[in-house]
Structures are given as C-alpha cells and as structure tokens.
Amino acid sequence: MIPDSPLFLYGFLPAVLALFYLSPVGLRCGVLLAASAVYFFLADAAGLPILAGAILGNYLLGRLIDASQGPPRRRFVALGVAANVALLAFYKYVTDASPLGVSFFTFSAIAYLMDVGRGQLAAETNGLRFATAMAFFPKITAGPIARFGPLLPELAAPRPTLDDFREGGWRLAVGLAKKTLIAGSLAPIADDAFSRSAGLDMATAWLGLVCYTAQIYYDFSGYTDMAVGIGRLFGARLPENFDHPYIAQSVREFWRRWHISLSTWFRDYLYIPLGGGRAAPWRVQCNLLIVFALCGVWHGATANFLVWGLWHGVFLSLERTRLGRALDRAPAVVRHGYLLTAVMLGWVLFRASDFAVSAAYCKALFSFTAEGFDYAWLAVVTRQRLAALAAAVVFAMPLGGVWQAVCRRFGSFEAIVAAWGRLAALAVLLGASAMAVAAGGYSPFIYARF
Amino acid sequence: MVRLANILQILAVVVFLAAPYGLPLLGLSGGRLAVENRPQAPVPPLAEALDAPGRYGPALAAHVRDAAPFRDHLIRANNRLRLALFGESPVPGVIVGRNDWLYYNLEHALDDYLNVVPLSERDMQEMVRVQVARRDWLAEQGIAYLVMFAPNKERVYPEHLPPGLHPLRPESRLSQIIPRLRAAGLDVLDLRQAVTAGKAAGRTYMKTDTHWNGYGGLLGASALVAALSGRFPALEPLDPSNYELVVTDRPGGDLSEMLLLPDLWREPDVSARSRVAALARPAAPGDYPDPADHPERERAAYETDRKDWPRAVFFHDSFARAMQVHAAERFSRSVFLWTHALVPFVIEKERPDVVVLEVVERYVFALLVDWSN
C-alpha cells in the first residue's frame, strides 16, 4: 500500500481518521499505533517483526542510556548506533528483502539515542508512545526523518484543531497533485530516455534528464507533502523536507533545501562530530567527502549511489576553495546554471541502473547529435507532458509571495480572495488527482473482450 | 466569508476521502464501463492475511484499485478533460487524429507506421521458411495457399493522423517481407493499394475503430477473389459497384471504447449492401473443435449453391470479420477460423481447395506462427 493508492486514500485513511476523531484523546495514540501496524502489515507484512524488534530494542536502549552515566552511557549509545547501522546495512546491502522504510526508521532511532545520550532529550518511558513515534505511518514509507523531541509530545495527547485539519488537507492535496499530476506525467519521458540501450541522441537525453530532474523532485517532495499533511490531520507536525531546491545557486545551498531532514541528520550526527567546518581545510573537505559518500550509500547499495554521493561531496569541497569564492562573486545566472548542471549530471548516476548505463547516458548528453529526437518527439512527447513540465518549472519556484501580492491587490478583500482562491485550488487539485489516481491503473485493450 | 471558505476547504477534503465508499452507502454507485486487458483483481480472502500475509496487502490494494466505486466514471471524466484541454489522447493505446479520427497505438502500431522497427534478416528468413513449409504441405494435397495482408488504418488514412506524424524511414516491415515471400514462390495479396484506391468511392476504415469497415472488407474480398481467379477460372468477380454504401450512426468502435466514450464519440459506420440477393448462407461448422476456443472468436461457415466454386478455409485475425460475408459470396463453402496457426485437422476435415491466411499489417509476426495440432 502506497500513500497515493486508492486503498490508502479511500479506505485506510478515512477509516483511521474516523476512528481517531471518535476516540477519546487518551486513546488516540493507541489508535495511531494500531493504524501504523495495519499500514505496515498491508505494505510489508514480512517487515513488521523487524520494525517491532527495532522499536523494542531502541526503546530499551533509550531507557538504559538515560539511566546510566559516563563511559557506560557512551557504550550504550555506541551499541545502539552500531545496532541500527547493522540493521540498516544488513537489510539494505546484504539481503534483497529490505523492510519498508528501514532507512528512515533506523536514522530516526539513531538520532533519538544520540539525543538521549547527549542529554538533549529524556528517554521516553511510555512504550506505546515511543512505538507510535517510530512507526507513525505517514512518515514510515519515505520520511521525513522525524526527530523524536518535537514528535513525542504531540503524540502524547493529539488534539488537532480545525486549522490543523484544513492545513493538513491542503498539504495532502498539494502532495498528491505533485505526485500524480506532475511526477506521474513526466515519468514516461524520463523512462524512455533512460531505457534506451542504444540510439540515444543528445536532445532526447537532455529532455529525459530534465524530466527526471523534475520527476524526482515532485515525486519525493509530493510524498513529503502528503506525509506532512497527513501528520497534521492527526495533530502531529512532521519536519519539512524541501524548500525549492532547484532555485539554489550552489551545491551547498542545494543541500540546505533538498531532503532537509536527511542533510540535517548527517550534519548533526556525523559531520559535526567529525569536526564539522571548524577543522583544517583539508580535514573539512575530507569530512565532506566521508559524509556524502555515506549519504550516497544510504540511498542504495550500488556503486552508482556511492559515486553520486562523492560527486556532491566533491562539489561541496570545491566550493570551500578559491573556486567557490569566485563562484560566489559570479552573476546569479552563472551560479544557478552551475548548480543545475552539477545536480542534473548527478541525477544520471542516481537514475541509471549501473555505471555502464550512466556512462552511455553521459556520452549521449554530449554527443552533439539529434538523430532520433524526431522519434521521441512523435512517440513520447505529448502536449500534456509538456504542460506538466512547464508546471514543474513554474512551481519549482517559490510563488507564495506572488500569490500574496495578488491577494493584496484586492485591498480589504485580501483575506477573502486568499481563502476562496485556496478553496478553488484545493477543489481542482483534489478533483484532478482523483481522476489521475483512477486512471493510473487503467489499462484498456481492444482485444480484452476477445 | 473567510470562515465559510475555510469550512468548505475542510469539507472538500472530507468529501474527497469519504465519497468513494461513503456514497455507495447512500445508494449511489458507479457501474463498470472499462474493458481492460486483465481480469479485475478479486477480493483476497481474509484467511490469506494469516496464510500468506505478504501477499494480502498487495492483493487488497489491487482489488481496491480495480473496484473502487466511481473509478470508471473518474477515468471517463479524466479522459474528457484531457481531450478538451490538450486535444490529444489521454490513453496510451489511442492516438487522437484530425477530423475526429482515432488510431491504435498498442502492440507497437505507431512504431510500425513510423517504420522504426524493421524486420531482421533472421525474422524474414524464418517467416519465409514457415510459410513455404505450409504452402508445400498444402500443395502435396492439391490445396492452394495464399497469404493476404490487410493494411493498418494509418497506412491507408495518414492524412487524418496528428500533424507531423509521418514515417521516419521509407520502408515498412510489410514492404520488406512481401518481396521475400514472393521470391520464394508464395502467392501474396497486398491490399494496401486496393483499399487505398477504394477511398475514392467511400470511407474504407472506421473513424473510431482500428478496423476497416464493411466497405473496406468488401474491397478486400473483391481483391481476394480477383487474386484467386487465375487459379480457379470458374470464379466470378466480386464487383464492388454491385454494392451500395450505407452510413449508419452507431456507438463508437473499439478505440472509442478504450477512451470510455463510445456514446459520445460515435461512429458513422459505412457498410456495403449488395444490390442483388446474397448467395452465401450461414452453414454448419465442421465436425471438429474450434481452434480459437474463445467465446468471442467463434468460427463462421458459409455455403453457396455454386459447387463449381472452390472450397476455402481462412485462418485469420479480427480483420476478416468485416470481409467474410462478402468473401463467402464466391466460394461453395468457406470456413473462417480466428487463428494464425495452420491447423491440420481442419484441413483434413474440410478438404478445401484453397487456404487463405489473412494477417493485418501490424501482426506481421504472425507469419512466424507455426503449425497447430
């Protein structure tokens, strides 16, 4: 079960919402835990015992860390971190049967144990609440990596307001639309380009890469919007994960806007403990490479992901040299062009199945031939997909200020226009998404009846 | 006003989440419209949650995906909206052309038209081998063999395709294989020219369907009779001028159905009505199992009183349907079997004078289909 499936949207989520709102506040945390268990069972039944084991182990370790001091405390923290890393490594890199969300719940758990170890967070004594925070279904599939500090109090006695429900519904609608209307529309162009083993021309390769660049952002940020929105429906505020990353003007800035919960995790629990940016320049650059190499392999168990991580690490290191300072003085258009080129070329490594495909794709990107593009244009590119690409470009920019400026032009009616405008947008997004979700599984065939 | 808009925002979310399963509880429910190339996923038994828990969730998700109330109506609304907004097909299997024409785009039909997937030398050699073996086996029994190709719709009516859609290479797969088959001594009937020339008198393909219409089928049958007349001199021509073309409004064809809009995207169907009394009448099928073995691919048999005309067995695809009533007019007995395989027991039972293999252009790989027992 995935969050943009009819089972989730029309069956699971309404049922859980009804049960949640009909339950006394004291029972709501239990409702959310039961719902998370059902969600996990429907999505990955085999992984449920592993999640349960991880919850129990981390709960006990948290209590042990909290109850100890000095070297034993550090040893328990180290044991907890090692156990979670081992769990992640084993299921992600040794077996093929990776439990749902293992990358996310292990990183959340490591953050929790380290926060408790540092004395920044008291260990949670309520096992039910701890389990709910770790398994909370809106975030279990694709994050964000929620820190337990802010989350645990919200799950203790969730009392969402009407504003929470309204804002949560809005984010859910935005996320669903990003996923189904934009990412889903662009996927065929990207898939076509990346699936061509031969005959890929430069124009098709760049079109495919642009579409993939948009697809991965709208798909991932769409999931995050849905997670944040659903969390809000239940009165829990999950952290933001994206802040218009493609408007960044350096790789450094990109990582402040892309997968924020992961980059801040690496910053807080790896980069800073390694010395952060306060060490000697060579050491800082070495730290960046280590952090981003690990960031790469966190995404997947292939060499492509490792190189993708190092690719970003190298750019971050370079930006700390004279080259970076020169770049900072360059015109905005140059800086933006640099960022997009670096990130997009990195996506080739991320999307391609192996090095050979990556190499062939990169070769096509600079092949300076358009022979074959006419086929892609006729067979793959449609007006609807081009419209989705145009929408992807427009909505990759922060437009909140523009909308506010439009509303302000209505003077004393500003609030009314804003509220009714959003109602109209909400209705359009939900309606269009419902149609796209339904059409997603439609597979007509003229000979079906024969 | 702001408060009202805020409340309506909440209501919109509630309606979105609750309506699909809430409205049926109030007696409102959407029926099935879609015809798909897979059966609807069934409700998984609850026992499976215990017996095979890993399969239960995906099975339940698949069932809800297929059976969610109003699903087909949402798909239909989505199709209408996208057609209106973008003027192009919302369904990958359909191309929306100009002047309300629809074209088929599954089974590599577009690639076939663009001529971007040529036949390999190995494929062509194998096709020739299979067809020559058929011809020789039939010839040993004194039976003639003819391969006829019905053209793809877009080959005959490229002018209604979307602007800019044109073959990217000059030679089609059909143009590759036909000379090779003829060089091997096979009788081949290529209907591209005949059906294209027939456009002058009337439309030969349905606008909303991938198939030719009754008039196109008549042109195919007429060309077939002409092609066989050399071998069977008693055969009289099947002259299309003895037919009048009748246009009937009916729900849209298979492509319109793929869009779930057959009621809105209708077909002005052109059929050919004989000005003279029909000679052929339905006859009993032979005493053997139907090789198609499918309820909607049932065989057909016809007979006339002209015992001096040949007996024919047709192995065919869907294109023979619009042709068979016309072709049957020039055979003493004609049997139409929906398969591209040569079925020896049918030949033994029917003892035909001629066997015809009808293949639509996009199914050219049917030439590789071997014998069936």
Side-chain angles (χ1 to χ4, degrees), chain A residues 1-2 5-11 13-14 17-18 41-46 48 162-163 165-166 168-170 172-173 188 233 374-375 377-379 382-384 387 415-416 418-420 422-423 426-427 430-450, chain B residues 1-2 5-10 12-13 16-18 20-22 34-38 49 53-54 56-57 60-61 64-66 68 70-72 74-75 77-79 81-82 85-88 90-91 93-94 104 106 110-111 114 116 164-165 168 210 254-255 257-260 294 296-297 318:
Chain A
M1 182 167 62
I2 50 174
S5 67
L7 174 60
F8 181 84
L9 292 170
Y10 308 137
L13 185 57
L17 279 168
F41 174 81
L42 291 174
D44 178 21
L48 192 53
L162 282 178
D163 274 353
F165 198 96
R166 185 165 51 81
W170 169 250
L172 170 64
L233 293 176
D374 46 0
Y375 175 78
W377 189 255
L378 291 177
T382 64
R383 285 189 280 277
Q384 196 237 333
I416 294 173
W420 284 88
R422 195 158 92 163
L423 174 62
L426 180 73
L430 288 176
S433 298
M435 289 190 281
V437 166
Y442 179 49
S443 176
F445 192 61
I446 60 172
Y447 295 117
R449 60 175 50 185
F450 295 123
Chain B
M1 287 291 278
V2 172
N6 288 344
I7 290 169
L8 288 176
Q9 284 178 39
I10 292 170
V13 175
F16 169 78
L17 294 173
Y21 282 99
V35 178
E36 297 179 66
N37 64 343
R38 55 183 174 78
Y56 184 77
L60 185 63
V64 175
R65 176 200 66 203
D66 288 357
F70 306 103
R71 171 190 181 248
D72 292 358
L74 284 168
I75 297 171
N78 183 55
N79 291 351
L81 181 69
R82 286 174 59 177
L85 282 177
F86 303 110
E88 64 189 11
V91 172
V94 179
Y104 188 50
L106 291 178
L110 179 61
D111 287 352
L114 299 176
V116 292
L165 212 54
L168 299 175
T210 187
D254 52 24
L255 298 170
E257 284 180 9
M258 287 173 73
L259 298 175
L260 296 184
H294 196 287
E296 298 202 43
R297 289 183 177 181
S318 57

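In the text below, chain A, chain B and the rest are named by the order of the sequence lines, each starting its count at 1.
Both the backbone and the side chain of B/Pro53 have a heavy atom closer than 4.5 Å to some heavy atom of chain A. Heavy-atom distances place both the backbone and the side chain of A/Ala415 under 4.5 Å from chain B. Both the backbone and the side chain of A/Leu423 have a heavy atom closer than 4.5 Å to some heavy atom of chain B. Heavy atoms closer than 4.5 Å to chain A are found in both the backbone and the side chain of B/Val2. Contacts of B/Phe16 with chain A are made by both backbone and side-chain atoms, with heavy-atom separations under 4.5 Å. Within the 4.5 angstrom heavy-atom criterion, atoms from both the backbone and the side chain of B/Leu60 approach chain A. Proximity to chain A is limited to the side chain of B/Leu168, based on heavy atoms less than 4.5 angstrom apart. Using a 4.5 Å cut-off between heavy atoms, B/Leu81 touches chain A through its side chain atoms alone. Within the 4.5 angstrom heavy-atom criterion, no atom of A/Ala173 approaches chain B.
In this structure, the side chains of A/Ile2 and A/Phe8 stay at 4.5 Å or more apart for every pair of heavy atoms. For the pair A/Leu17 and A/Leu13, the minimum side-chain heavy-atom distance is below 4.5 Å. Inter-residue side-chain proximity for B/Val13 and B/Ile10 is flagged as unmet; no heavy-atom pair is nearer than 4.5 Å.
Contacts with chain A were tallied for B/Leu110, B/Leu74, B/Val116; B/Leu74 has the most, counting heavy-atom pairs under 4.5 Å. Most heavy-atom pairs under 4.5 Å with chain B: of the set A/Leu48, A/Thr382, A/Leu233, this distinction falls to A/Thr382. Note: B/Asn6 leads B/Leu114, B/Asn6, B/Val94 in heavy-atom pairs under 4.5 Å with chain A. Across A/Ala419, A/Ala427, A/Gly168, the residue that shares the most heavy-atom pairs under 4.5 angstrom with chain B is A/Ala419.
Residues passing the salt bridge (charged side-chain N to carboxylate O under 4.0 Å, His left out) test with B/Asp111: none are found, sequence neighbours excluded. Among residues two or more places apart in sequence or in another chain, the salt bridge (charged side-chain N to carboxylate O under 4.0 Å, His left out) test is passed with B/Arg82 by none.
Residue B/Leu85 places its CG atom among more than 12 non-hydrogen atoms of other residues, nucleotides or ligands, all under 6.0 Å distant.
A side-chain donor-acceptor contact under 3.5 Å links B/Glu88 to the backbone of A/Gln384. Side-chain N or O atoms of A/Arg166 include none that pairs as donor or acceptor with a backbone N or O of B/Gln9 at under 3.5 Å.
Between A/Phe41 and B/Tyr56, the ring-plane angle classifies as tilted under the 30° and 60° cut-offs.
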